[in-house]
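Step one of this worksheet: look at the structure below.
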Amino acid sequence: MELYKTNQLKIYNSLSKSKEIFKPILEGHVGMYVCGPTVYSNVHLGNVRTFMSFDLVFRYLKHLGYKVRYVRNITDAGHLTDDGTEDKIATKARLEKIEPMEVVQRYSLDFHNILQKLNNIPPSIEPTATGHIIDQIEIIKTILNKGLAYVVNGSVYFDVLKYNETEHYGILSGRKIEDSIQNTRDLDGQSEKKNPQDFALWKKAEESHIMRWPSPWSDGFPGWHLECTAMSTKYLGKTFDIHGGGMDLKFPHHECEIAQSKACNNVNPVHYWMHANMLTLNGQKMSKSTGNYILPNEIFTGENKLMKKAFSPSALRFFMMQAHYRSILDFSNDALEASEKGFLKLMEAVNQLENITANKTSSIDINSWKQKCYEAMDDDFNSPVLIAQLFEAVKYINLLKLGDDTLNEEDLKDFKITIKTFVFDILGLQNETSDDNSSKISGVVALLITMRNEARANKNWALSDKIRDELLAIGIQLKDGKDGTTFIIN
RNA sequence: GGCGUCGUGGCCGAGUGGCUAGGCUGGGCUCUGCAAAAGCUCCUACAGCGGUUCGAAUCCGCUCGUCGCCUCCA
């Protein structure tokens, strides 16, 4: 039987601002849409956090037995620069004197490469904005027909004030339109809009603009907010279960998506809105535009002023999983270093699982422990609490090894499977110590351990310590226990 | 200025109206040739001020501060 039938998953819904019991539209199936990156530069660590958060969601939903269709777009057109006049991709292409599609290709590859290193499972569908221009044009036509958009000089704008007469623009972000009217700054280049709150569904392209597509209104390109509505509707339907994204997209991006869907399809598109919180650096939001950011590769190589050393992708992933996805997390070398130590301790314990043998009776209540692991994840994907439970398991493993605790065959099997499931399948961590050469290394180290033990038997401490210390220097740590000497590779 | 968020021990970071989060760091003990590891153990908490309550870090109010959004942003 699928786990979702017995587990009661609760999700914090940004729309209702409360935790709700998760009930999909179609039993056993989940439709999930997450706003992907705009591929005009390398993804930074802050971008990555959001995608890792939803990777955890994806993994857990699948573990619970749901059939999940996970759609995450690539924004390769339509995302305007600060002044609201030019497409970000086109700007980058102009600056680097290359084709826009070269920009898209380069940074899409970077994006996929980084996420793969961090062991993210690829989405079921990864559509691009430029591949769905036709769908976007159709939506614009419908919204125009309903009188909720207007055409000016070949551009089409959504009429927010008109929409707000019958609907609530601000339902997600908790804003009142009156406030935003009073507080909106006047921006250059937006004078053709009726009201500053109106947003572009279609932008007419200037003569010099390279990225352009024909439409009934002008040769131009689609607005940023529209692509997500077009693609989510196309692949998940007019209403679907989960829509995710970074907290900073709540307004205006997600608010606009709701407005577009309601205007076009007369329905609220999303049942559960999930927002991942920001990753900060030096207490400030990581952001490309301010220069306050770090790239994942700089962490893997250690090549950044902020880094004292290199960290593995799994150590980084573990660091992120130690914080709840809705909390702000501050990044620093020291915080990562502390996480790495914990991560290695966990991995070492997982490696020791195979050395544990079954007993006649069990002194640990494995079922109750396992239950706590599920309760943590069922409570809005609480990975930090899950990890606390996994450290409980580390303690158990060490005590089992010492023989101070025992497990019968059935419990031991369950224990092993549960740990591995949570560590590898759900948290998505990887055991980086085991590689192709590990068996050879094991053989060599075993030989050195034998030589060292001979030296120790002869009380030749100088030699035994030399073997131990020099192995440690190259990252192999010996540990003398009651049952002989074991080692770990750091 | 508006809206929202958060404020936990040396650091990171969970959580709940009364019962140990966890990790890292530091101290002690056991084990050990020494060390490491492991086990046991100890220390430093819930921004401030009021209120509700038998009891609040947990609920309410105010103050201060943080961060985010309000403009492209994961």
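Values below: all heavy atoms of this structure, side chains included; hydrogens, waters and symmetry mates excluded.
- As judged by a 4.0 angstrom heavy-atom cut-off over every strand, A:Gly46 is placed among the base-contacting residues.
- A:Lys250 comes within 4.0 angstrom of no nucleic acid atom, judged by non-hydrogen atoms across all strands.
- As judged by a 4.0 angstrom heavy-atom cut-off over every strand, A:Lys285 is placed among the base-contacting residues.
- With C1' as the reference atom, B:rU52 and B:rC64 are 23 Å apart, rounded to whole Å.
- Between B:rA56 and B:rC60, the distance separating the two P atoms is 16 Å to the nearest Å.
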| task | Go through A:Arg106 and A:Asp110 one step at a time and tell me if the salt bridge (charged side-chain N to carboxylate O under 4.0 Å, His left out) criterion holds. | result | CA-CA 6 Å; A:Arg106 180 186 298 171; A:Asp110 170 72; over 6 Å; no
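- The listed nucleotides are B:rC72, B:rG39, B:rC24; the one nearest the side chain of A:Lys341 is B:rC24.
- If you take OH of A:Tyr325 and C1' of B:rU5, they are 15 Å apart, rounded to a whole angstrom.
- Going from atom CZ of A:Phe311 over to atom P of B:rC12 covers 16 Å, rounded to whole Å.
- A straight line from CG of A:Leu463 to P of B:rC34 spans 19 Å, rounded to a whole angstrom.
- For the OP1/OP2 pair of B:rG22 and a distance below 4.0 Å, the side-chain nitrogens and oxygens of A:Gln322 include no atom meeting the criterion.
- Annotation: A:Phe319 is not in aromatic contact with A:Phe311 [ring centroid separation under 6.0 Å not met].
- Within the 4.0 angstrom heavy-atom criterion, base atoms lie near A:Asp465.
- Here the nucleotide nearest the side chain of A:Asp248, chosen from B:rA21, B:rC69, B:rA14, is B:rC69.
- Among the protein residues, A:Ala276 comes within range of no part of the nucleic acid, since none of its heavy atoms lies under 4.0 Å from any strand.
- In the set B:rA21, B:rC67, B:rG33, B:rG33 carries the atom at the smallest distance from any side-chain atom of A:Arg452.
- Residue-level contact check: A:Ser327 touches the backbone only, with heavy atoms under 4.0 Å from sugar-phosphate atoms and none from bases.
- Using atom C1' as the reference point in both B:rA14 and B:rG9, the two lie 14 Å apart (nearest Å).
- Nearest-nucleotide assignment on RNA chain B puts the 5′-proximal partner with A:Leu329, out of A:Leu329 and A:Glu337.
- Residue contacts shown for A:Asp334 are absent, as no nucleic acid heavy atom lies under 4.0 Å away.
- Closest to the A:Lys345 side chain, of the nucleotides B:rC67, B:rG23, B:rA74, is B:rG23.
- In this structure, A:Asn453 atom CG and B:rA35 atom P are separated by 18 Å, rounded to whole Å.
- Annotation: B:rC62 and B:rG23 have their P atoms spaced 39 Å apart (nearest Å).
- Atoms NE2 (A:His275) and C1' (B:rC67) sit 17 Å apart, rounded to a whole Å.
- For A:Arg468 and B:rA35, a side-chain-to-base donor-acceptor distance below 3.5 Å is present, hydrogens and geometry of angles not being considered.
- The CG atom of A:Leu402 sits 14 Å away from the C1' atom of B:rU32 (whole-angstrom rounding).
- Nucleic acid contact for A:Asp469: none, since no nucleic acid atom lies under 4.0 Å from a heavy atom of the residue.
- Residue A:Phe251 places its side chain closer to B:rC70 than to any other of B:rA36, B:rC70, B:rC72.
- In this structure, A:Trp461 forms an aromatic stack with the base of B:rG33, since both conditions hold: centre separation below 5.5 Å and plane angle below 30°.
- With B:rG22, B:rC12, B:rA74 as the candidates, the nucleotide lying closest to the side chain of A:Ala335 is B:rC12.
- Residue A:Glu454 holds its CD atom at 12.0 Å from OG of A:Ser464, rounded to the nearest 0.5 Å.
- Summarising the geometry, the separation between CG on A:Leu399 and P on B:rU30 is reported as 19 Å, rounded to the nearest angstrom.
- Side-chain proximity of A:Asp480 to the nucleotides B:rA35, B:rC24, B:rA74 is greatest for B:rA35.
- Between B:rC40 and B:rG50, the two C1' atoms lie 44 Å apart (nearest whole Å).
- The residues A:Glu354 and A:Lys420 are annotated as salt-bridged, a charged nitrogen and a carboxylate oxygen being separated by less than 4.0 angstrom.
- Remark: A:Asp480 engages A:Arg452 in a salt bridge, criterion side-chain N to carboxylate O under 4.0 Å.
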N/O donor to acceptor pairs below 3.5 angstrom from side-chain atoms of residues 340-347 of chain A, sequence neighbours left out:
unit_1   : atom_1 : unit_2   : atom_2 : d
A:Glu340 : OE1    : A:Lys309 : NZ     : 2.9
A:Glu340 : OE2    : A:Lys309 : NZ     : 3.0

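- Closest to the side chain of A:Arg175, out of B:rG15, B:rG2, B:rA36, is B:rG2.
- Separation of the A:Tyr235 and A:His132 ring centroids falls under the 6.0 Å cut-off.
- The residue among A:Tyr40 and A:Leu478 whose nearest nucleotide of RNA chain B is located toward the 5' end is A:Leu478.
- At least one side-chain heavy atom of A:Trp273 sits less than 4.5 Å from a side-chain heavy atom of A:Ile258.
- For A:Val385, taking side-chain heavy atoms from C-beta onward, the closest of the listed nucleotides B:rG33, B:rA21, B:rA14 is B:rA14.
- The CD1 atom of A:Ile171 sits 16 Å away from the C1' atom of B:rG4 (whole-angstrom rounding).
- Among the protein residues, A:His253 comes within range of no part of the nucleic acid, since none of its heavy atoms lies under 4.0 Å from any strand.
- Of the candidate nucleotides B:rC24, B:rA74, B:rG23, B:rA74 has the atom nearest to the side chain of A:Asn47.
- No more than 12 heavy atoms of other residues, nucleotides or ligands shown are found within 6.0 angstrom of NZ on A:Lys10.
- Separating the C1' atom of B:rG39 from that of B:rG7 is a span of 37 Å, rounded to the nearest Å.
- A cation-pi arrangement is found for A:Arg175 relative to A:Phe251, the charged atom lying closer than 6.0 Å to the ring centre and inside a 45° cone about the ring normal.
- Across B:rG22 and B:rG15, the matching C1' atoms stand 11 Å from one another, rounded to whole Å.
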| Dot-bracket encoding of pairs in RNA chain B, which uses [ ] for pseudoknotted crossings and | for another strand, Watson-Crick or G-U under 3.5 angstrom | ((((.((..(((.....[...))).(((((.......)))))....(((((..]....))))))).))))....
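- Electrostatic pairing of A:Asp379 and A:Lys19 counts as a salt bridge here, judged by a charged N lying under 4.0 Å from a carboxylate O.
- Among the protein residues, A:Met247 comes within range of no part of the nucleic acid, since none of its heavy atoms lies under 4.0 Å from any strand.
- Among the protein residues, A:Gly244 comes within range of no part of the nucleic acid, since none of its heavy atoms lies under 4.0 Å from any strand.
- Across all strands, A:Gln284 comes closer than 4.0 Å only to sugar-phosphate atoms, never to a base (heavy-atom distances).
- Rounded to a whole angstrom, the distance from the P atom of B:rC19 to that of B:rC29 is 32 Å.
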